[in-house]
Amino acid sequence: MLEDWLLTLVTFLPLVGVGFILITTRGDEEEASTAAKQMALLTTGCVFLLSLLIWVNFDATTADFQLVKRIEWIPGSSISYHVGVDGISMWFVLLSTFLTPICILASWDAIKTRVREYMIAFLVLETMMVGMFVSLDILLFYVFFEGVLIPMFLIIGVWGGANRVYAAFKFFLYTLTGSVLMLVAILTMYGIAGTTDIPRLMEAGFSPDLQFWLWLAFFASFAVKVPMWPVHTWLPDAHVEAPTAGSVILAGVLLKMGGYGFLRFSIPMFPDASAYFAPLIFGLSVVAVIYTSLVALVQKDMKKLIAYSSIAHMGFVTIGMFTMTTQGVEGSIFQMLSHGIVSGALFLCVGVVYDRMHTREIDAYGGLANNMPRYALVFMVFMMASVGLPGTSGFVGEILILVGAFQASTWLAALTATGLILGAAYMLYLYRRVIFGALEKDSLKALVDLNRREIAIFAPLLILVFWMGIYPSTFLDLMAVSVDNLITNYTVALGEAAGPALAAK
Amino acid sequence: MNAVTSLPVMMPASAEIFLAIAGMVLLMIGVFRGESSLRFLSYATIATFAVAAILVVTQGGGGEAFYGLFVSEGFAQFAKILILIGSAFAVLLSRDYLVREQAGRFEFPILILFATLGMLMMVSANDLMSLYMSLELQSLSLYVMASIRRDTLKATEAGLKYFVLGALSSGMLLYGCSMIYGFAGTTSFTGLAAVFAAQTGVVPLGLVIGIVFLIAGLAFKVSAVPFHMWTPDVYEGAPTPVTALFAVAPKIAALALFVRAMMDPFADLIGSWQQVLVFVSIASMGLGALGALVQTNIKRLMAYSSIGHMGYLLVGIAAGNQAGVTGVMLYLATYIFMNVGTFAMILAMRRDGRLVEEIGDLAGLSKTHPMMALALMIFMFSMAGIPPLAGFFGKWYVFMAAVDAGLFGLAVIGILTSVIGAFYYLRIIKIMYFDEATQPLDDAVSQDLRVILYGSAVVTVLFVLFISPVYDAAKVAAISLVGA
């Protein structure tokens, strides 16, 4: 019984929290804020614990969708509420439910105005994110996919920095433009296949000519979300202006929506087009890896630097998944999970000093190792994980992707690998300027080290970074069957298309 | 046979007959009791609409009346229910305004009633003559309503503009009708459909001209580009509750009429009118989106917004299939609530007791009136077509029909203009949520407006749960008009 409704419960429980916040927190501003924060933390905590049950109940031996629930929604147009997870989407659900309570905690003191609304926005956002990853109906997916824009727009616009309005508009309109093109593609697919059910669409077998256009339309949406060069420009703006927790969710989960979309739609539904366009993806991704790394080197703003590093890391992800090798795809999923945690943590690290100093200028810092040793340690671990030091989560993803890329093309692997070097350069450079050196600036001398709340935020992230780095099998084993299934179907579909051509030879 | 007067044959028109009689009775009451009867008349009008709605629902499968001049089937019934809801909201919205502005005239609800009667007749018109007559009944009532505040310059100007341009469009419509009659030899929709179905070969040029003139007349009524020029001025100049009426019920009626005219008599000539509608639709979506970008008056902005919405609705008609009609009907059902809610908000925008209309007046609303800001935000996101709000599903179904009909270019252009449109809807949200308040709006908002505002917001949000029954009803309506 619970298994049937588990995903639905995880998806919509945050909305129950919203209801409670609306009903219970009235009266005095101060009390209402505290109550709203507690309620939000409690709700997201419960959601996370419940989502662990997904993991517990997950059967790693099958590539089928599990914990499936299907309810008629618009039977007249054969559209249903259909949810379920496989070895790929389950991890993204867990990532979302894991990061949200951390975001709530990270906003505890940082958000001082309109706290109730902020917490409501985050809870709605959680529902949208989880709903998007568990959707097995493409209309339902689209509803959640677009729905994310509403709370995120408000989070950036209301609680963001000085240039927040520009950033919020840019974020919204960029992503909307991409997604509406996907909407036309969805309508076309629905017109042909007569269904919006994702498993059935995967078997629909669209003609290669049509795949070409459908793939491009989906690409417009996912490339903006990932974001891929050259449509990445919204991301640095959004990251810089968003409040810390907004950046964490943006980097941690929202960017993964694009990668997840490629894996769930583009590759299984349009295999011929995916094979055809793989060089395009490789090209754009390599440019992203090298170019954005170089851009990151010269940034003066910490958040902007991490934002550019995100684009570079997501470049790795798109390279990995389009190599269509087991290592490449597993690596890209793993890299997305790792990046979700590491870049989220890095934004939290920036948030820690920003809360104290209210500036993100790298030049305003220096020598923090002297009076903030714990902070320096935490920052170092995440910095190393971002660089891809063996033993941290970043290493596993990157090495798998490189192995996959090497099978596809040695040049691709070589160019991708330069990203690792550049990554090490800009991260170490950042770390040196912020943490090392003499503690000369007077304003910095008074800074206090991490407090208990902040340690509580970082502890689970640290554990995960090492867990994923030292024993990645926990994660890889559960996704293996689904990934193999994805690749098998892809190869079979390509074989069918190539079959006649080969026979003619 | 005395068919006209025998009761069963008039039954399909029972709601209209009831409205006409009730309207005359209420007018008498108003005349004899004077201005003091306004309150009673408002409620009586709403009650009349309710009874009419019941009559519409209970008449079953419908049928023809008045020798085929009038037809009622699932399609007409669906549209009539929407119109009655829209008109009832307009009466409710006007009460607070009429009292506060001391503009209370007992004719106000009566005029709405007669306009609504015209709209119901429009939806059921099955002949070019009944089409024209019902259209004029509606239009004449609306001309008067636009300038009902005859002591203000703006309202009289709006009324005059509306009248002159409306008369011009009626002229074009009539001209088109006469051309069509000249080439087809009948004015009955059923007869026209039979003539065109039997016709083979090239469509006569004169007939195409006639249809284009007819489309021009109808496009004027739905304020589609390039016949939209009156809309922003009339929306701005007319008293706000009148604008609220203009934005909803007449649009539904005119669109339903448009759908019937295109899909019933001229269905077989789709090759001749589809291009025209594709153009009008693209132009409306584009101009609606671009024109709204520079507006500072919220009523003018809503005028451009409605031009844009008409563009999206015309996508459904241009598709020319059952899915398109279904989409149009579902879209209209969501359109009512978004618009009525937004106008409730505009009517609630008062500072120091006076109505304000600048978008900038909403600055900081989220701090001073959080619930009202939330409601308006919901309407704006919904109009921008962002899921999971109601407005998205209307767009989903009309564009689905366009894609079904192979109109990919129209779908892509339309959907891209919705991104431009999203910008100005977001601008309103930005002003409410991101900007600091200059001078807060008044706190005192009447109970009526509150109920309508929050009620519409709830409907807009929860529509996602109840699409299925609305969709099924819209589909039944569409099938009754165009077949499966």
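Residue numbers begin at 1 in each chain, while the letters A, B, ... track the order of the sequences.
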[X] versus chain A, heavy atoms under 4.5 Å apart: side chain, backbone, both or neither?
X	answer
B/Phe392	side chain
B/Ile420	neither
B/Phe381	side chain

Hey, does [Y] have a side-chain heavy atom less than 4.5 Å from the side chain of [X]?
X	Y	result
A/Met128	B/Pro388	yes
B/Ser366	A/Arg114	yes
A/Tyr142	B/Pro387	yes
B/Ile429	A/Leu154	yes
A/Tyr190	B/Val403	no

Quick check on the interface: out of [options], who has the most heavy-atom pairs with chain A under 4.5 Å?
options	answer
B/Ile386, B/Leu374, B/Asp472, B/Asp404	B/Ile386
B/Leu426, B/Leu389, B/Leu416	B/Leu426
B/Leu465, B/Thr326, B/Val470, B/Ile467	B/Ile467
B/Tyr471, B/Tyr397, B/Phe466	B/Tyr471

Which portion of [X] sits near chain B, non-hydrogen atoms under 4.5 angstrom:
X	result
A/Ile186	side chain
A/Leu149	neither
A/Phe153	both
A/Ala168	side chain

query = Just how far is it from atom CE of B/Met400 to atom OG1 of A/Thr188, taken to the nearest 0.5 Å?
reply = 10.5 Å
key: Atom pair CD1 (A/Ile79) and CZ (B/Phe393), whose distance is rounded to the nearest 0.5 Å   =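 Here the interatomic distance stands at 8.5 Å.
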Backbone N/O of B/Phe434 and side chain of A/Arg164: donor-acceptor pair under 3.5 Å = yes
key: Sidechain-backbone polar pair: B/Trp396 side chain, A/Leu187 backbone, donor-acceptor under 3.5 Å   = no
request  = Go through A/Leu181, A/Leu183, A/Leu139 and name the one with the most non-hydrogen pairs under 4.5 angstrom from chain B.
outcome  = A/Leu139
task = For each of A/Thr113, A/Val180, A/Leu140, tally heavy-atom pairs with chain B at distances under 4.5 Å, and name the one with the top tally.
result = A/Val180
ask   = Counting only heavy atoms not in B/Gln275, do more than 12 fall under 6.0 Å of its CD?
value = no
task = Using a heavy-atom cutoff of under 4.5 Å, enumerate the residues of residues 172-179 of chain A that contact chain B, numbered in order, or state 'none'.
result =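 Listed by number: A/Phe172, A/Leu173, A/Leu176, A/Thr177.
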